[in-house]
Amino acid sequence: MDRSQPTHIEGHIIAKIIYAAVNAVDDSVRSGRLPARRSPAIPGNKAVGIIVKDNDELSTGTSVIVSCFTVDGQIQGIYVDGVWQEYLVVKPEELIPISEHISDEQVAAFPVSFFSAQACLNKADFQPGKSILSLAVGGGVGNAGIQRAKK
């Protein structure tokens, strides 16, 4: 469906989505196995974008990762409209500025796997010197967990 560019809301930033990846959560929402909270819903919970309406923290033209979660802990694309749209109005805390040393395509695929892996390591109170067992090392979260644990 066509939508006009959203209007700016005080305390928020408007990002133009450049790449939005697809993952298992998106497929679960799309197929109805994981129902969205409202209909019609806009799926998608990981993306890279460019700031088009800035604030004091992030300037126009900055490349950013759009977090999978809102500052209230809601999951993008399930509980609130997701990133499969051209423009997104978000709070600055929901964006992570990115380096120019990584491609937009790589960045778009980054958030869910790495955020999920880091959440697991945090839950396990992982510390340097500890070992981990990853039964899913061939998948995105398992691979990310190994990479995060090495750091």
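The distance from the CD atom of Q147 to the OG atom of S134 is 11.0 Å, given to the nearest 0.5 Å. In this structure, the separation between OG1 on T7 and NZ on K53 is 11.0 Å, given to the nearest 0.5 Å. Separating the CD atom in Q74 from the CG atom in N45 is a distance of 13.0 Å, to the nearest 0.5 Å. Here the straight-line distance linking atom NZ of K130 with atom CG of D125 works out to 5.0 Å at 0.5 Å rounding. Taking CH2 of W84 as the start and CG of D26 as the end, the distance is 4.5 Å to the nearest 0.5 Å. Rounding to the nearest 0.5 Å places CG of L58 at 4.5 Å from CD1 of I13.
When hydrophobic clusters are built by joining Ile, Leu, Val, Met, Phe, Trp and Tyr residues whose side-chain heavy atoms come closer than 4.5 Å, directly or via intermediates, V22 is grouped together with V66. Linking ILVMFWY residues whenever their side-chain heavy atoms come closer than 4.5 Å, directly or via other members, places I98 and I18 in the same cluster. Criterion: ILVMFWY side-chain heavy atoms under 4.5 Å apart, direct or through other members. Under it, I96 and Y19 are part of a common hydrophobic cluster. A single hydrophobic cluster is not seen to contain both I146 and F114; linkage of ILVMFWY side chains at heavy-atom distances under 4.5 Å, directly or through other members, places them apart. Under the 4.5 Å side-chain heavy-atom criterion for Ile, Leu, Val, Met, Phe, Trp and Tyr, I42 and I17 are members of the same hydrophobic cluster.
Closest approach of H8 to H12, counting heavy atoms only: NE2-O, 2.8 Å. Scanning all heavy atoms of the two residues, the minimum distance from Y87 to P6 falls at CB-CD, 3.4 Å. When all heavy atoms of S31 and S28 are compared, the closest pair comes out as OG-O, 3.3 Å. For A149 against I132, the heavy-atom pair with the smallest separation is CB-CD1, 3.7 Å. Minimum interatomic distance between F69 and E94 (heavy atoms only, all atoms of both residues): O-CG, 3.9 Å. Closest approach of V141 and S116 over heavy atoms only: CG2-CB, 4.0 Å.
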Determine, step by step, whether L95 and I51 satisfy the side-chain contact (heavy atoms from CB on, under 4.5 Å) criterion, reporting the C-alpha distance in whole Å, the side-chain angles of both residues, the deciding distance to 0.1 Å, and the verdict.
CA-CA 10 Å; L95 301 172; I51 304 299; 3.6 Å; yes
CA sep, side-chain torsions, deciding dist, call: V83, K46, side-chain contact (heavy atoms from CB on, under 4.5 Å)
CA-CA 7 Å; V83 300; K46 57 183 179 179; 5.7 Å; no
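Between the side chain of Q76 and the backbone N or O of T70, no donor-acceptor pair lies under 3.5 Å.
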